[in-house]
There are 2 protein chains.
Amino acid sequence: MKQSQARECFAALSQETRLSIVRLLVKAGEAGVAAGAIADDVEASPSNVSFHLKELERAGLVTQRREARSIIYAADFSGLQSLIEFLMKDCCGGRSEICAPILAAAACKPASKRSRAHA
Amino acid sequence: MKQSQARECFAALSQETRLSIVRLLVKAGEAGVAAGAIADDVEASPSNVSFHLKELERAGLVTQRREARSIIYAADFSGLQSLIEFLMKDCCGGRSEICAPILAAAACKPASKRSRAHA
DNA sequence: TTCTCATTTCAATAGTACTAGAATTATAGG
DNA sequence: CCTATAATTCTAGTACTATTGAAATGAGAA
């Protein structure tokens with residue numbers, strides 16, 4: 001990923017409504033969420049959500065597909081991967097004992113912030 | 001990390017000069033870089049870099065310490081950790097087979113984009 | 001103390017992004 | 001074909017953010 005593209009991704013994520021949308025879609029996974037349902041969830045007008053979704057798509061963070069009358073949006077996990085990769089690339093001059101725990105902490109946790117799993 | 005704070009982080013990273021600074025400091029690791037040297041590296045005026053460093057500090061992405069006449073800035077790796085954690089939290093409804101490879105790909109690679117290590 | 005270097009603060013300007021509402025396009029059903 | 005629904009596009013107004021250069025601050029050296 002080039003720096004200019006990473007910048008666009010961060011810009012996309014720097015806006016309240018858009019960040020809420022991405023978080024919603026990250027939770028939703030591959031199933032995705034229809035545009036209207038997204039607007040309900042983040043409590044914004046349809047036109048406003050449409051504007052932000054286009055922005056997120058341009059940044060490569062979400063994908064869209066039509067399903068009957070609805071348009072379903074889903075997080076683009078490969079885009080997220082590239083972004084994190086870009087941010088941490090060459091970190092610490094390659095001393096992985098510093099950055100390894102950072103990524104370990106980010107590992108997929110099922111709806112609980114604590115490390116003590118209670119599922 | 002709260003959403004508002006994550007938003008500030010992304011906003012901080014969404015600006016060309018600031019993103020260059022963070023990448024520089026991520027590479028530099030704990031040793032850090034003096035403000036003046038940062039300005040040279042990213043090719044911006046001292047006052048402009050100072051403005052951006054303050055912004056990055058406010059977001060919790062860099063730390064500063066004084067060393068003689070210079071002020072040394074370093075990446076705040078715990079801040080970066082929290083940010084990635086926030087972005088990927090509860091992802092895919094807990095189906096780690098989807099998000100695990102994302103984080104694996106982001107693992108610390110010593111200055112080479114390819115997986116074939118040649119150090 | 002006085003001088004010098006490194007960095008920050010300040011004030012003004014210019015550029016960019018966000019929001020809301022009305023009109024438009026696209027799909028499904030009667 | 002005509003109506004209803006889902007979503008997007010367009011336009012205009014408002015607010016925020018970045019940049020620049022000059023002046024001020026703070027730390028060390030003579």
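The chains referred to below are lettered A, B, ... by the order of the sequence lines, with proteins before strands, and numbering in each begins at 1.
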Just how far, in rounded Å, is C1' of C:dA26 from CD of A:Glu67? 16 Å
Short side-chain donor-acceptor distance under 3.5 Å, B:Gln3 and A:Ser20: yes
Taking the side chain as every heavy atom from C-beta outward, state whether B:Met88 and A:Ile84 have any atom pair closer than 4.5 Å. yes
Report the residues that fulfil salt bridge (Lys or Arg N to Asp or Glu O under 4.0 Å) with A:Arg65, sequence neighbours left out, ordered by chain and then residue number. A:Glu67
Verify, without hydrogens or angle tests, whether B:Arg18 (side chain) and B:Ala11 (backbone) share a donor-acceptor contact under 3.5 angstrom. yes
Considering the options A:His52, A:Gln15, A:Glu16, which one meets the side chain to side chain contact (heavy atoms under 4.5 Å, CB included) requirement together with A:Ile21? A:His52
Residues forming a salt bridge (Lys or Arg N to Asp or Glu O under 4.0 Å) with B:Arg58, sequence neighbours excluded: B:Glu8, B:Glu55
Least distance between heavy atoms, B:Val49 atom then B:Ala35 atom: CG1-O, 4.3 Å
Using whole Å, what does the distance between atom C1' of nucleotide C:dA6 and atom CZ of B:Arg65 come to? 16 Å
For A:Ser82 and A:Ser78, indicate whether the former's side chain and the latter's backbone hold a donor-acceptor pair under 3.5 Å. yes
Using a strict heavy-atom distance below 4.0 Å, which residues from residues 14-22 of chain A are in contact with DNA chain C? A:Gln15, A:Arg18
Can B:Ser14 and B:Leu19 be said to form a side chain to side chain contact (heavy atoms under 4.5 Å, CB included), step by step? CA-CA 7 Å; B:Ser14 75; B:Leu19 184 51; over 6 Å; no
Taking the nucleotide of DNA chain C with the closest heavy atom to each, which residue, A:Ala68 or A:Ala11, is nearer the 5' end? A:Ala11
Can you give me the closest heavy-atom contact between A:Ala28 and A:Val33, atom names plus distance? CB-CG2, 3.8 Å
What is the distance from CD of B:Glu57 to P of C:dT7, rounded to the nearest Å? 14 Å
Can you name the atoms? Protein N/O to nucleotides 7-11 of chain D N/O, anything below 3.5 Å, with the distance.
unit_1	atom_1	unit_2	atom_2	d
D:dA7	OP1	A:Ala35	N	3.3
D:dA7	OP1	A:Gly36	N	3.3
D:dA7	OP2	A:Gly36	N	2.9
D:dT8	OP1	A:Tyr73	OH	2.4
D:dT8	OP2	A:Ser50	OG	3.1
D:dT8	O5'	A:Ser50	OG	3.1

Please report the interatomic distance OG(B:Ser45) to CZ(B:Phe51), rounded to the nearest 0.5 Å. 11.0 Å
Measure from CD on B:Glu55 to C1' on C:dT9 and round the result to the nearest Å. 14 Å
Close side-chain approach of B:Arg23 to A:Phe86, heavy-atom, < 4.5 Å: yes
What bend angle does the helix from C:dT1-D:dA30 to C:dG30-D:dC1 show across its length, from five-pair end axes and to the nearest 10 degrees? 30°
Passes side chain to side chain contact (heavy atoms under 4.5 Å, CB included), B:Leu56 versus B:Asp76? Steps please. CA-CA 10 Å; B:Leu56 287 169; B:Asp76 185 333; over 6 Å; no
What is the separation between atom NE2 on A:His52 and atom P on C:dC18, rounded to the nearest whole Å? 6 Å
Anything under 3.5 Å between a protein N or O and an N or O of nucleotides 12-15 of chain D, put it in a table, one pair a line.
none

